[in-house]
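Remarks on the structure that follows.
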Amino acid sequence: SDHRLTYPTRPEDMDWSTFFPAFVADAQLDQRPDTAEGTESPAKLPPKKLTKEVEVVDIGCGFGGLLVALSPVMPDTLLLGMEIRSQVSEFVQDRIKALRIKDPGQKQFQNIGCLRANTMKFLPNFFRKAQLSKIFICFPDPHFKQRKHKARIVSTTLNSEYAYVLKPGGIVYTITDVEDLHKWMVQHLEAHPSFERIPEEEQEADACVQVMRTETEEGKKVERNKGPKFVALFRRMEDPPW
Ligand code: SAM
C-alpha cells in the first residue's frame, strides 16, 4: 500500500543527491550553511543540486535490467527506475551500488538510480513539465480482467501525466508479450492528442528498442518461453499554438 511512500511536494524539493552522488554540484556543497550545533537543522536545508536532471524514466523497472543495460548506452544522461515494491526497489539500489564499487575507475553506473514510488500517483511531484526525454514502460502488469483495467499503467489520465513530464519530441517506449495489452496501449496512446505513433522503420532504428527487447528480466523470461514481444513507440508532439 501507499501509506509509507514518500514524495516531494514539488520537483524542486526532491533531493536526488543520494541517488546520483557523482553528479552533485560541488559549488552547491560549499554554499550550504553551517550545520554545526545551534545552527539551522539539516532538514530545513534546500536539497542539494545536481549538475544534471533525471531525463529517462523506467516505469515499473522491476529488477533493473533495462537501467543497467542502458547505463553505458547513455553515459551522460541520468536514468531513473521507479518501482512500487520496496523489496524490489531495494534490490535494484543494492545492485547499482555493487556495480559502482566493482568498476575500478568508479565512473560506471553512476548515471542510474532506483526510487520506490507509485508512478500512477506522484509522477508530477518528481518531475517538472517537459523534463523527460524518454519514458519506458516494459512488460507492465497486464491486469487481464475487465474490472482491473483501471489499474493499467497506460490510460487516458496517466497518458496526460506522461505528456506533461515529457518534452516535445520525447518518446514513450512500450513493450509487452500480451497482445491485448499491446492493443490497449496503442489505442490509448494514439487517441491522446499529445502523442503520435512512431513508424516501424524509425522504431527499429532506435538503439534503445533492441535493449528494451532483450535486457529486462521479464523480456528474458518471455525469450526463454519463446513468447511474442509487441513493441510500440509514441512521440510527444508539440502543443498546438493557442
Ligand atoms: N519492467 C520490468 C521488466 O520488464 O522486467 C518489470 C516488469 S513487471 C511484470 C511489472 C513491474 O511494475 C513490477 O515490478 C511491479 O511491481 C511494477 N509496478 C506495478 N505498478 C506500479 C506502479 N504503480 N508504480 C511503480 N511500479 C509499479
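Atoms within a ligand are numbered from 1 in the order they appear, just like the ligands themselves. For this chain, numbers begin at 1 and follow the sequence in order.
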Of the protein's non-hydrogen atoms, which lies at the shortest distance from [atom], and what is that distance?
atom	answer
atom 7 (C) of ligand 1	F139 O, 3.3 Å
atom 23 (N) of ligand 1	N118 OD1, 2.7 Å
atom 4 (O) of ligand 1	T216 OG1, 2.8 Å
atom 5 (O) of ligand 1	E218 N, 2.9 Å
atom 10 (C) of ligand 1	D141 OD1, 3.5 Å
atom 15 (C) of ligand 1	E83 OE2, 3.5 Å

Would [X] count as being in polar contact with ligand 1, using the rule that some N or O on each side must be under 3.5 angstrom apart?
X	result
I153	no
T119	yes
G60	yes
I84	yes

Do V154 and P140 have side chains that get closer than 4.5 Å, going by heavy atoms?
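Side-chain contact under 4.5 Å: no.
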For [X], the ligand 1 atoms whose distance to one of its heavy atoms is below 4.0 Å:
X	value
M120	23 (N)
C138	1 (N), 2 (C), 4 (O), 7 (C)
E217	5 (O)

E215 and K220 ion-paired at < 4.0 Å:
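Salt bridge: yes.
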One thing to verify: whether K229 and E223 come together as a salt bridge, which I'm taking to mean a side-chain N less than 4.0 angstrom from a carboxylate O.
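Salt bridge present between E223 and K229.
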Whether F20 and F23 hold their rings parallel, tilted or perpendicular, with breakpoints at 30° and 60°
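Correct class here is perpendicular.
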Parallel, tilted or perpendicular, as decided by the 30° and 60° cut-offs, for the rings of F136 and Y173:
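Because their plane-to-plane angle is under 30°, the rings of Y173 and F136 count as parallel.
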H192 and S160: side chain donor to acceptor below 3.5 Å
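Side chains of H192 and S160: pair found under 3.5 Å.
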Just by distance, with hydrogens left out, do S133 and E55 show a side-chain donor and acceptor under 3.5 Å apart?
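S133 vs E55: donor-acceptor pair found between side chains.
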Given the side-chain rings of F122 and Y7, with only the six-membered ring counted for Trp, is the space between their centroids under 6.0 Å?
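Yes, close enough.
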Is it true that [X] lies under 4.0 Å from ligand 1, counting heavy atoms only?
X	answer
G65	no
V88	no
A117	yes

So which heavy atom on H143 is nearest to which on H149, and how close?
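Scanning both residues, the minimum pair turns out to be O-CD2, 3.2 Å.
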Linking I/L/V/M/F/W/Y whenever their side-chain heavy atoms sit closer than 4.5 Å, directly or via other members, would I198 and F234 fall into one cluster?
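In one cluster with I198: F234, no.
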